[in-house]
Protein chains: 2
Amino acid sequence: MARGSTRPTSRDVAQAAGVSQAAVSLVLGDKWHGRVSEATAQRVREAARDLGYRPNLAARNLRLGRTRTVLLVVPALTTEFFAGVYTGATRVAAEHGFGVVLYPSPEGIGPARDPFASAQAALDGVIASSMAADALSAIRGEALPLVMLDSDPAGSLGAATVNLDIADGVRQIADHLLSLGHRRFLHLAADVPSWTFDVRARELAARLAGVPGTSVRTARSPISSEGAVAAAETALSEPGPRPTAVVCDDDLLAAGTYKAARRLGLRVPDDLSVTGLDDLALATAIDPELTTVRLDAELFGERGMAALLAVLEGREPKGGDIPVRLVVRGSTAPPGAA
Amino acid sequence: MARGSTRPTSRDVAQAAGVSQAAVSLVLGDKWHGRVSEATAQRVREAARDLGYRPNLAARNLRLGRTRTVLLVVPALTTEFFAGVYTGATRVAAEHGFGVVLYPSPEGIGPARDPFASAQAALDGVIASSMAADALSAIRGEALPLVMLDSDPAGSLGAATVNLDIADGVRQIADHLLSLGHRRFLHLAADVPSWTFDVRARELAARLAGVPGTSVRTARSPISSEGAVAAAETALSEPGPRPTAVVCDDDLLAAGTYKAARRLGLRVPDDLSVTGLDDLALATAIDPELTTVRLDAELFGERGMAALLAVLEGREPKGGDIPVRLVVRGSTAPPGAA
DNA sequence: CCGCTTAGGTTTTACGTATAACGTCTGCCT
DNA sequence: AGGCAGACGTTATACGTAAAACCTAAGCGG
């Protein structure tokens with residue numbers, strides 16, 4: 001009191017407790033055992049509480065040369081999936097006394113050349129979702145510890161990678177549809193250059209290549225429900241025998257496919273089976289509920305953060321892809337079930 | 001070069017350019033006009049570029065006593081809506097050289113008593129979405145400039161508020177349904193104590209109170225599609241004349257209501273009109289597309305950040321609620337249209 | 001009684017930056 | 001000639017913290 005406006009510093013606490021600033025730092029930093037008496041420590045803690053003392057983080061960060069803050073670079077936040085990744089990453093970070101700053105990469109903020117200009121915070125490390133090579137090298141130029149999510153392990157310039165086992169998810173989808181009897185497929189692919197989508201195309205092709213009598217057409221769509229409607233409607237209207245199953249790169253595209261099917265008078269799943277990938281809330285909101293692959297976004301974020309913490313502590317990050325699981329719902333059925 | 005691992009400081013730049021550290025700070029801080037010659041400034045800039053100099057944010061923050069970082073407290077990130085708010089807030093912040101740190105409030109991270117422990121960054125201000133009073137007072141205790149989103153102006157302890165004109169949105173919904181001829185309503189309300197939901201209930205009741213022959217039942221549901229299914233199914237199965245229109249507190253609840261209607265053999269909109277609130281991507285993904293009120297989440301975030309910047313600069317934040325707009329789609333029709 | 005250890009602190013320093021305060025030199029006016 | 005005003009810098013300092021280095025007195029073994 002009598003101090004008024006400005007926040008109390010450790011020196012104020014020291015004065016109030018009748019000790020030196022160093023003693024305050026020791027006590028509050030829990031490094032006082034054997035260096036300060038229990039009674040004095042108690043006085044310091046009380047003074048700190050009474051004054052409402054909060055350490056100045058800028059000063060601490062400067063002194064320590066680290067910030068316990070990491071940057072999470074995501075393609076765009078406007079998706080349930082990355083919200084989950086963020087939530088998971090934050091949970092693990094908090095357990096280790098770290099904070100997470102978000103940087104929505106490409107569209108959000110202007111040209112977005114520089115994540116580090118926008119993130120005012122000083123950083124200890126970076127977690128980046130599958131991103132373009134130039135943006136990646138910009139980050140590497142910063143010489144910060146880096147973990148890549150959902151990225152080509154071979155193309156990550158030596159950074160640690162944490163991936164979902166998307167390839168296995170696509171295999172599960174393919175096997176499910178094949179076992180239902182489908183042979184003519186449409187692959188509704190995301191029109192985004194990204195390793196995570198390349199994997200889908202590659203694995204689907206590889207799986208079907210082993211089965212005689214199968215065929216797969218590919219249509220490309222921007223990642224939005226509206227874009228998918230147009231792409232799917234066009235692709236399903238092409239001459240020749242119509243595909244009986246549409247494998248979509250994610251749930252949003254699947255929702256668009258539903259709408260295209262309605263416009264063409266096709267019923268899901270009787271005339272057309274549809275699969276997604278993500279298992280968003282959307283998947284159970286549409287009718288029929290969507291057969292899709294459940295990606296555990298939060299676990300993904302947790303594992304990513306755990307890997308970064310490992311790198312920061314000089315440990316070896318835990319390897320292995322994160323398993324995914326096919327969820328069969330009402331949007332898939334044998335062809336011509338009607 | 002020859003320096004090796006550690007990042008270059010302004011002193012290194014100074015040495016490379018043959019000037020004092022102060023000169024470097026002046027030039028790079030763009031405060032050199034009339035104090036440093038153009039030629040010297042050029043040398044400094046080149047040296048900085050060659051060394052790949054980046055100012056140490058922690059040191060700058062300490063020196064300046066501010067961080068150009070603000071905290072955005074949201075109820076939970078796992079929603080498209082708050083992702084939009086964040087995007088808008090970040091856009092405006094970036095224009096003013098500010099960064100935004102996110103704090104997902106209640107469930108995400110343990111008990112989450114203390115936003116400021118988790119957000120490692122030192123902060124200049126806070127934007128908080130409608131939140132409980134105790135959490136609010138914890139923030140106020142921090143004595144940081146504060147802007148509240150979607151909160152009771154009277155109960156915000158004097159903090160500036162920025163609100164969507166939800167009341168007007170509810171009026172538009174009510175008028176739309178009344179003009180279609182509906183008289184028996186079900187209000188599917190979010191089971192969350194929050195001013196923003198109170199407004200919905202109050203305004204709906206007020207609107208219908210003026211029209212003779214109307215009745216409204218209320219059912220409560222957690223904010224999730226699954227929870228809404230159960231709540232809506234129960235409410236629609238109650239004895240007595242069935243409501244012809246369901247007014248839902250948000251789009252997620254509306255999606256649940258669709259599903260409940262299907263289970264009960266009711267068709268939307270022929271047997272039952274349904275309205276939402278938010279206009280999420282979901283609204284156009286479900287069939288029929290949802291009549292709802294479009295909330296411009298990004299604009300909301302922009303206005304919130306603009307208000308906080310105003311407070312930080314000692315200006316008066318711009319007042320006035322943000323207008324919302326009814327979007328009529330296929331989920332509403334006159335009662336008994338079948 | 002000397003010297004060593006230990007408890008219980010204090011003094012000092014460094015982190016990297018921004019800026020106030022202080023110099024110097026040249027040119028120019030009166 | 002004296003002085004004064006730029007132009008062009010430099011020197012010094014402070015921000016608040018953590019921790020290394022230092023100090024002092026008491027206890028104690030030999």
Side-chain angles (χ1 to χ4, degrees), chain A residues 3 5-45 47-48 51-69 97 116 120-124, chain B residues 3 5-45 47-48 51-69 97 116 120-124:
Chain A
R3 190 149 268 287
S5 57
T6 173
R7 277 170 56 141
T9 72
S10 61
R11 214 175 306 271
D12 296 328
V13 175
Q15 190 170 353
V19 298
S20 70
Q21 179 266 330
V24 173
S25 182
L26 287 173
V27 171
L28 267 37
D30 215 34
K31 299 203 157 56
W32 58 280
H33 301 97
R35 329 235 314 112
V36 176
S37 72
E38 176 63 51
T40 306
Q42 193 60 34
R43 278 212 321 286
V44 169
R45 281 190 290 256
L51 293 178
Y53 168 73
R54 297 278 192 162
N56 179 319
L57 295 191
R60 170 179 292 172
N61 290 342
L62 174 59
R63 175 68 235 252
L64 295 179
R66 71 202 149 80
T67 60
R68 294 192 160 265
T69 299
F116 303 93
Q120 283 288 334
L123 302 171
D124 280 356
Chain B
R3 190 146 268 289
S5 57
T6 172
R7 276 171 57 140
T9 72
S10 61
R11 216 175 303 272
D12 296 327
V13 175
Q15 191 171 352
V19 298
S20 70
Q21 179 267 330
V24 173
S25 182
L26 287 174
V27 171
L28 268 36
D30 216 34
K31 298 202 158 62
W32 56 281
H33 302 279
R35 329 232 315 111
V36 175
S37 72
E38 176 63 50
T40 306
Q42 193 60 33
R43 279 211 322 285
V44 169
R45 280 189 290 256
L51 293 177
Y53 169 71
R54 297 277 192 162
N56 179 317
L57 279 285
R60 170 179 292 171
N61 291 342
L62 174 59
R63 175 67 233 252
L64 295 179
R66 71 202 149 82
T67 61
R68 295 192 159 266
T69 299
F116 302 94
Q120 283 287 334
L123 302 171
D124 280 357

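Below, read A as the first sequence line, B as the second, and so on, with proteins coming before strands; counting in each chain starts at 1.
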Item to check | Distance (rounded to the nearest 0.5 Å) between R66(B) CZ and L123(B) CG | outcome: 14.5 Å

Atom pairs, N/O to N/O, protein against nucleotides 7-9 of chain D, distance under 3.5 Å?
unit_1 : atom_1 : unit_2 : atom_2 : d
dG9(D) : OP1    : T40(B) : OG1    : 3.3
dG9(D) : OP2    : S37(B) : N      : 2.8
dG9(D) : OP2    : S37(B) : OG     : 2.7
dG9(D) : OP2    : T40(B) : OG1    : 2.8
dG9(D) : O6     : R35(B) : NH1    : 3.1

Item to check | L26(B) CG to T40(B) OG1 distance, which is reported to the nearest 0.5 Å | outcome: 11.5 Å

Check: protein-nucleotides 23-26 of chain C nitrogen or oxygen pairs below 3.5 Å:
none

Next on the checklist: I'd like to check W32(A) versus V44(A) (side-chain heavy atoms, cut-off strictly below 4.5 Å). Are they in contact?
Outcome noted: no

Checklist entry - side-chain contact (heavy atoms from CB on, under 4.5 Å) with A59(A): which residues, sequence neighbours excluded? => result N56(A), L62(B)

Next on the checklist: For nucleotides 12-17 of chain D, give me one character per nucleotide, 5' to 3': B if any protein heavy atom sits under 4.0 Å from the base, S if the only such contacts are to the sugar-phosphate, - if neither.
Outcome noted: --BBBB

Item to check | Atom pair CG (N61(A)) and CG (D124(A)), whose distance is rounded to the nearest 0.5 Å | outcome: 8.0 Å

Checklist entry - To the nearest angstrom, how far is R66(A) atom CZ from dA14(C) atom P? => result 20 Å

Item to check | Spacing of L28(B) atom CG relative to dG16(C) atom C1', expressed in whole Å | outcome: 13 Å

Checklist entry - In chain order, what residues pass the side-chain hydrogen bond (donor to acceptor under 3.5 Å, both in side chains) check against S20(B), with sequence neighbours excluded? => result none

Checklist entry - If every non-hydrogen atom of A48(B) is compared with every non-hydrogen atom of V13(B), which pair is closest and at what distance? => result N-CG1, 3.8 Å

Item to check | Any pair counted as salt bridge (Lys or Arg N to Asp or Glu O under 4.0 Å), so long as it reaches residues 13-39 of chain A, sequence neighbours left out | outcome: E38(A)-R45(A)

Item to check | Residues that S25(A) engages under side-chain hydrogen bond (donor to acceptor under 3.5 Å, both in side chains), provided they are two or more places apart | outcome: none

Checklist entry - How would you list, by chain and number, every residue that makes a side-chain contact (heavy atoms from CB on, under 4.5 Å) with T9(B), sequence neighbours excluded? => result R11(B), D12(B)

